[in-house]
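Structure first, then comments.
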Amino acid sequence: MRASAKDILVLQWNDIRGQRRAQDVLERAIAADRMHHAYLFVGPLGVGKFSTALALATALNCLERPSDAFAAGCGRCSACRKIESRQHPDVHTVEPDGQFIKIDQVRAVQKAASTRPYEGRFQVIIIDRAHQMGDEAANAILKTLEEPPVSMRFALITDQPNRLLDTIRSRCQVLRFGSLDPDEVTELLAEKARSLTPPPEAAFLPVAARFAEGSPGRAFALLESGVLERRVDVVRQMLAINPAHPAQLLDVAEAMQKDKQLLFEYLDILKVFLRDVMLVKTLGDAHRCVNQDLPEQIQALANALTMDDVLGRLDVLDRASRLLERPISPQLIAEDLLLKLAPPSPS
């Protein structure tokens, strides 16, 4: 799906979901006072990397934590409250300014490296989407990573580690973050969706979790975007297509072609829906489907199509996606698409 991804921020260490392996590494390092100076958090968008970095900064600088053991930030002391409000003078967040992280942003980090912490035990530098550093910025941060102050810790965050300089990666300890189980994401969404106005339908939460492939951030973005509501209309339109009524076909195609981005969205929705149909046909297992709230529609199309029909329609959708990248009329693409996606007429 083409919704933007963002973290559902969790600032308490013990509330982070699904990343126990990375947390264990950090907990042992803090307890033994053997932290690496720089960590590279690698994993899909929206799975909690940024949340973990902030929670780590809180754990490192919490005024209530004993110096010879690991403990999560208390959430009550002045240090924890300042980190939560992004006002702690020793916790610095760097993120792209436009498309890139620029040299001036890294120079601010270098200036901080020349001083001792103002209030905390450590200065913590969190570089979000670190792969978007420009060449100058990347070479500048490398110098600081090569000779870091003893009281500075780095957390570089990326979902595209291969875009980072090899020399930067080699100076960091890599911690891998994985996708969450859909049930975990659903639980987290149930807690956080109350902040949306109006709150999403409960039936949409497991759908968002599966659409987002285990990324809470992407799932939350989907709930905000309205894609899941539009998805129901898209599936209904596809199932109602009747090639014997060209006027209806043209009306739907004309509506689709007005917004190219919506047409891309339409294609994505239908690809996922047809994969659900394929799952039901091959495994008979609706529990693994993404569209958990549309079991009757999935089953109806599974009964109407052969496996070759399903695979052929997926090929049609892939071809339409490629054509949309070219200077071809979106309406022509939409008309051809709808004609080929029409369910077979009942015998």
Side-chain angles (χ1 to χ4, degrees), residues 7 9 11 22-23 25-30 32-43 45 48-62 65 67 70 73 79 82-177:
D7 276 335
L9 285 179
L11 296 176
Q23 288 180 272
V25 171
L26 294 168
E27 288 176 14
R28 289 195 299 270
I30 293 172
D33 194 23
R34 295 179 63 85
M35 279 198 76
H36 200 277
H37 70 279
Y39 292 91
L40 182 61
F41 291 1
V42 175
L45 289 169
K49 301 185 298 298
F50 190 80
S51 291
T52 302
L54 275 181
L56 175 63
T58 304
L60 287 173
N61 286 313
C62 175
R65 180 177 71 83
S67 59
F70 172 82
K82 286 179 181 178
I83 294 170
E84 182 175 358
S85 62
R86 311 290 183 86
Q87 294 180 339
H88 197 291
D90 298 318
V91 178
H92 309 277
T93 300
V94 180
E95 57 187 359
D97 178 7
Q99 292 189 339
F100 299 101
I101 294 172
K102 298 173 181 174
I103 184 63
D104 288 346
Q105 295 172 274
V106 173
R107 284 181 180 142
V109 172
Q110 292 175 316
K111 182 177 179 181
S114 67
T115 64
R116 294 182 58 80
Y118 287 97
E119 297 180 11
R121 295 184 181 94
F122 296 96
Q123 293 188 78
V124 180
I125 312 298
I126 301 170
I127 304 181
D128 194 15
R129 288 164 283 169
H131 57 273
Q132 290 182 234
M133 282 188 283
D135 291 342
E136 276 191 298
N139 285 308
I141 204 69
L142 178 60
K143 293 178 182 178
T144 306
L145 291 174
E146 287 172 337
E147 299 179 4
V150 294
S151 57
M152 181 172 278
R153 298 291 181 267
F154 285 86
L156 280 67
I157 298 169
T158 183
D159 64 309
Q160 300 175 50
N162 291 337
R163 289 178 59 187
L164 284 166
L165 295 176
D166 290 343
T167 44
I168 288 180
R169 295 203 305 267
S170 68
R171 282 161 176 77
C172 299
Q173 180 175 343
V174 177
L175 293 182
R176 300 197 177 277
F177 288 67

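The analysis underlying the following values was restricted to heavy atoms, covering all of them including side chains, and did not include hydrogens, waters or symmetry mates. Quick note: residue numbers are just sequence positions, from 1.
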Side chain to side chain donor-acceptor pair (under 3.5 Å) partner of T158, the single match among H131, Q132, R169
H131

Side-chain heavy-atom pair L26, F70 within 4.5 angstrom cut-off:
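Not touching, per the 4.5 Å side-chain cut-off.
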
Measuring only between side-chain heavy atoms, which start at C-beta, is L164 closer than 4.5 Å to L40?
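A side-chain contact under 4.5 Å exists here.
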
Mind checking the [atom1]-[atom2] spacing from [X] to [Y]? Nearest 0.5 Å is all I need.
X    : Y    : atom1 : atom2 : value
I127 : E95  : CD1   : CD    : 11.5 Å
R171 : E146 : CZ    : CD    : 4.0 Å
K49  : I126 : NZ    : CD1   : 13.0 Å
F154 : H92  : CZ    : NE2   : 9.5 Å
N139 : I103 : CG    : CD1   : 8.5 Å

side-chain contact (heavy atoms from CB on, under 4.5 Å) between V25 and Q173: does it pass, once the steps are laid out?
CA-CA 10 Å; V25 171; Q173 180 175 343; 3.5 Å; yes

If every non-hydrogen atom of [X] is compared with every non-hydrogen atom of [Y], which pair is closest and at what distance?
X    : Y    : answer
A130 : L156 : CB-CB, 4.1 Å
A140 : V106 : CB-CG1, 3.6 Å
F100 : Q105 : O-OE1, 3.9 Å
I30  : R65  : CG2-NH1, 3.5 Å
L175 : Y39  : CD1-CD2, 3.8 Å
A38  : L145 : CB-CD2, 3.7 Å

Using the rule given for side chain to side chain donor-acceptor pair (under 3.5 Å), can you reason through Q160 versus R163, listing the C-alpha separation, both sets of side-chain angles and the distance that settles it, and then say yes or no?
CA-CA 6 Å; Q160 300 175 50; R163 289 178 59 187; 3.0 Å; yes

Any chance CD of E84 has more than 12 other-residue heavy atoms, nucleotides or ligands included, within less than 6.0 Å?
no

Under the side-chain contact (heavy atoms from CB on, under 4.5 Å) test, which residues partner A113, sequence neighbours left out?
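Per chain and number, A113 pairs via side-chain contact (heavy atoms from CB on, under 4.5 Å) with T144, P149, M152.
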
Answer yes or no: is there a donor N or O on one side and an acceptor on the other, between the side chain of D128 and the main chain of I157, under 3.5 Å?
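No, the answer is negative, given that no donor and acceptor are paired below the 3.5 Å cut-off.
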
By salt bridge (charged side-chain N to carboxylate O under 4.0 Å, His left out), which residues pair with R107, not counting sequence neighbours?
D104

Quick one, Q123 with T115, criterion side-chain contact (heavy atoms from CB on, under 4.5 Å). Give me CA distance, side-chain angles, the key distance, then yes/no.
CA-CA 9 Å; Q123 293 188 78; T115 64; 4.0 Å; yes

Name the atoms and distances for all side-chain donor-acceptor pairs under 3.5 Å in residues 54-61, with sequence neighbours left out.
unit_1, atom_1, unit_2, atom_2, d
T58, OG1, L54, O, 2.9
N61, OD1, R121, N, 2.8
N61, OD1, F122, N, 3.0
N61, ND2, F122, O, 3.2

